[in-house]
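Since the structure comes first, as C-alpha cells, the remarks are kept for the end.
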Amino acid sequence: VTMIIYRNIMPIRIDLRATRARLLEMFTDVTCNPEIMKNATDAYFSLLQGFILSLDGTTQENKMRFIQNFKWTDTLQGNTPSAQQDAVFELASMAFNVALWYTKFASRLAGKENITEPEAKDVHRSLKVAAGIFKNLKEVHIPRLITPAEKGRDLDPRVIDAYIIQCQAEAQEVTIARAIELKHNATLIAALAFETANFYQKADHTLNTLEPECSSKWRKYLQLKQHFYMAYAYCYHGQTLLASDKCGEAIRSLQEAEKCYSRAEGLCKEYRQTKGPGTTAKPSEQLFFLKLGSLIKNTLEKCQRENGFIYFHKVPAEAPQLELKASYGLAEPVPFELPPLSEQCTAEVYATFDLTKGAKNDKAKPKEEEVKPVKEPDLKPQKDTGCVIS
C-alpha cells in the first residue's frame with residue numbers, strides 16, 4: 001500500500017497522515033477488534049472527506065480532491081499497483097481493505113478451537129459488515145471515480161459483487177452450523193443450504209468474464225462450496241421426505257447428495273492444484289466436510305433399510321427439484337455509512353488552501369519514494385476453517 005504525500009504544513013494534512021498511518025497499522029495488529037477498527041476508520045474518513053465534499057457551500061467539486069496521487073495494490077494482481085490522483089479512489093481503496101479486515105477477523109475467530117456463541121455471533125456480524133462496506137462502495141463511491149477501475153482490479157464491479165455475495169454466503173454458513181447444532185427442522189436447514197449454494201453459484205458466475213489467471217483459483221473455491229452446500233440441501237431434503245413417508249424420493253434425494261458431495265471432493269483437489277492469488281485451504285480434510293460425508297452415507301443407508309422393510313417405494317429416476325425458500329436466517333449486509341465530516345474541515349480552512357502555491361513549489365519537492373506494500377503477519381488459525389475469502 002503506497003501513498004505519496006506532498007509537503008503541506010496545514011494541521012489537517014498532518015492529522016490526515018497520522019490517522020491514515022494508524023489505520024494501516026490496525027490492518028496488521030493482531031489485538032485489533034471491530035471497535036478499534038471502527039474508531040480508526042472513522043478518524044481517517046472524517047478527515048479524508050474534507051478533500052472530497054464541497055466545503056464552500058456550492059455544488060462545485062472540492063478543489064483538493066485531485067491534489068494527491070494514491071497507489072494501491074490489488075488482491076488479484078500481485079504487487080503491480082494501480083494509481084489515481086483522486087481522493088475518492090483513496091477512500092474506496094481504503095474502505096475495500098477495511099472490509100477485507102473484517103473478513104480476516106471473522107476467519108481468524110472462526111479458526112479458534114471451541115468457539116463460543118458470542119464469538120460465532122462476531123463472525124456472523126463481521127461478514128455482514130464486510131458485505132455492507134463492499135455494497136456501499138459499489139453503489140456510492142466507485143461510480144464517482146473519474147477513471148473507472150481497470151479490469152480485474154479490486155474496484156472492478158465484478159470483483160466487488162463477488163465479495164458481497166461470498167460474504168453473505170459465509171455468514172449463512174454460520175447460521176447453518178448453528179441450526180444443525182440446535183437440531184432445527186430439516187426443512188429449514190435444507191432451505192438455508194440451498195440458498196447458500198445459490199449464493200456461491202452466483203458469485204462464481206460473476207467472475208466468469210475475468211482473466212482465468214487471476215480468477216480460476218477463486219472460482220474453483222466458489223464451485224466446491226456450491227456443490228458442498230447442494231449436497232447439504234439434498235441430504236436434509238431427503239430427511240424431510242423420509243419424515244413425510246416418501247421413502248423412494250428420499251433415497252433419490254440422498255443419492256443426489258452423494259453426487260454433489262463427490263463433485264465437491266473432486267473440486268477440492270482441482271482447487272489445491274490451481275495456481276492463483278490467495279492462500280490455499282484444505283476443506284476436504286476438515287471435520288465439517290467429513291461429517292457431511294458420513295451424514296449422507298448413514299442417512300441413505302437408513303432410507304434404504306426402511307424402504308426394504310416398510311415402504312417398498314420405487315426410487316424415481318430424476319432427482320427432486322429443489323424449490324426451497326428460507327424464511328429465516330438469510331444474511332443481509334449491514335448498511336455502511338461514512339462518519340460525519342471532521343470539525344477541522346471548515347469553509348474557513350478550505351478558503352486558505354491555495355493550489356497555486358503548491359504548483360510553484362513543485363520543482364523544490366523531493367523525489368517521490370516508493371513505499372513497500374503492507375505485509376500481513378502470519379496469522380495461522382488454530383484450525384483450518386476452509387474459509388479463504390481473505
Side-chain angles (χ1 to χ4, degrees), residues 1-3 24 27 41 45 48 52 65-66 68-104 107 127-171 198-223 225-226 271 274-279 333 335-336 338 373-374 376 387-390:
V1 180
T2 308
M3 179 181 182
L24 291 177
F27 290 154
T41 301
F45 284 166
L48 183 62
I52 299 172
R65 174 177 169 180
F66 304 106
Q68 286 185 181
N69 191 45
F70 299 91
K71 291 183 180 180
W72 287 87
T73 54
D74 298 85
T75 51
L76 300 179
Q77 305 294 333
N79 289 328
T80 303
S82 50
Q84 289 194 34
Q85 194 156 321
D86 185 351
V88 173
F89 175 72
E90 162 69 0
L91 187 150
S93 298
M94 184 66 84
F96 179 94
N97 280 272
V98 170
L100 280 188
W101 179 88
Y102 277 100
T103 70
K104 293 174 186 293
S107 180
L127 289 166
K128 294 195 296 180
V129 167
I133 296 173
F134 288 130
K135 188 171 186 285
N136 180 268
L137 291 179
K138 176 193 171 185
E139 296 175 351
V140 179
H141 303 293
I142 292 175
R144 294 188 62 195
L145 292 173
I146 302 299
T147 304
E150 296 175 35
K151 187 175 181 180
R153 296 287 180 177
D154 284 346
L155 303 184
D156 181 330
R158 292 164 298 182
V159 175
I160 292 287
D161 271 337
Y163 273 117
I164 294 170
I165 300 165
Q166 187 175 341
C167 282
Q168 288 180 269
E170 296 199 342
N198 287 340
F199 267 137
Y200 279 118
Q201 183 181 49
K202 185 178 177 182
D204 175 43
H205 289 173
T206 299
L207 299 174
N208 63 8
T209 55
L210 291 184
E211 294 298 326
E213 57 266 26
C214 68
S215 65
S216 291
K217 191 178 187 68
W218 191 359
R219 292 191 63 195
K220 288 292 183 186
Y221 171 75
L222 296 172
Q223 290 163 15
K225 278 300 189 76
Q226 178 208 340
Y271 163 70
T274 302
K275 294 182 179 179
T279 56
F336 172 74
L338 289 172
V374 171
E376 296 181 58
C387 173
V388 294
I389 190 169
S390 301

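If you read the sequence from its start, that first residue is 1, and numbering goes on from there. Owing to the predicted nature of the structure, the values given are computational and were not obtained by experimental measurement.
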Say you draw a straight line from [atom1] of [X] to [atom2] of [Y]; how long is it, rounded to the nearest 0.5 Å?
X	Y	atom1	atom2	value
Gln226	Gln223	CD	CD	7.5 Å
Ser107	Glu170	OG	CD	8.0 Å
Leu155	Glu150	CG	CD	10.5 Å
Tyr221	Gln166	OH	CD	5.5 Å

Would you indicate whether the side-chain heavy atoms of [Y] and [X] approach each other to under 4.5 Å?
X	Y	answer
Trp72	Met94	yes
Tyr102	Ile133	yes
Phe70	Gln68	yes
Asn136	Pro335	no

Any idea which heavy atoms bring [X] and [Y] closest together, and the distance?
X	Y	value
Pro212	Ser216	O-OG, 2.6 Å
Leu91	Phe45	O-CZ, 3.9 Å
Ala130	Ala99	CB-O, 3.5 Å
Gly132	Phe336	O-CB, 3.7 Å

| said: Once side chain to side chain donor-acceptor pair (under 3.5 Å) is applied, do any residues pair with Arg158, and if so which ones, sequence neighbours excluded? | reply: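 In terms of side chain to side chain donor-acceptor pair (under 3.5 Å), with neighbours along the sequence ignored, Arg158 is linked to Asp156, Thr209.
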| Gln84: side chain to side chain donor-acceptor pair (under 3.5 Å) partners, not counting sequence neighbours |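 Partners of Gln84 by the side chain to side chain donor-acceptor pair (under 3.5 Å) criterion come out as none, since no residue qualifies.
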Could you pull out all residues at least two apart from [X] that satisfy side-chain contact (heavy atoms from CB on, under 4.5 Å)?
X	value
Asp74	Gln77, Ser82, Arg153, Asp154
Lys135	Glu139, Ile164, Pro333
Ile146	Arg65, Phe66, Asp86

Quick one: does [X]'s side chain have a donor or acceptor within less than 3.5 Å of a partner on [Y]'s backbone?
X	Y	value
Lys138	Ile160	no
Asp204	Leu222	no
Thr206	Lys202	yes
Ser93	Glu90	no

| request: Applying ring pair (Phe, Tyr, Trp, His ring centres under 6.0 Å), name anything that partners Phe96, two or more places apart in sequence or on another chain. | output: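 By the ring pair (Phe, Tyr, Trp, His ring centres under 6.0 Å) rule, Phe96 matches Phe134, Tyr163.
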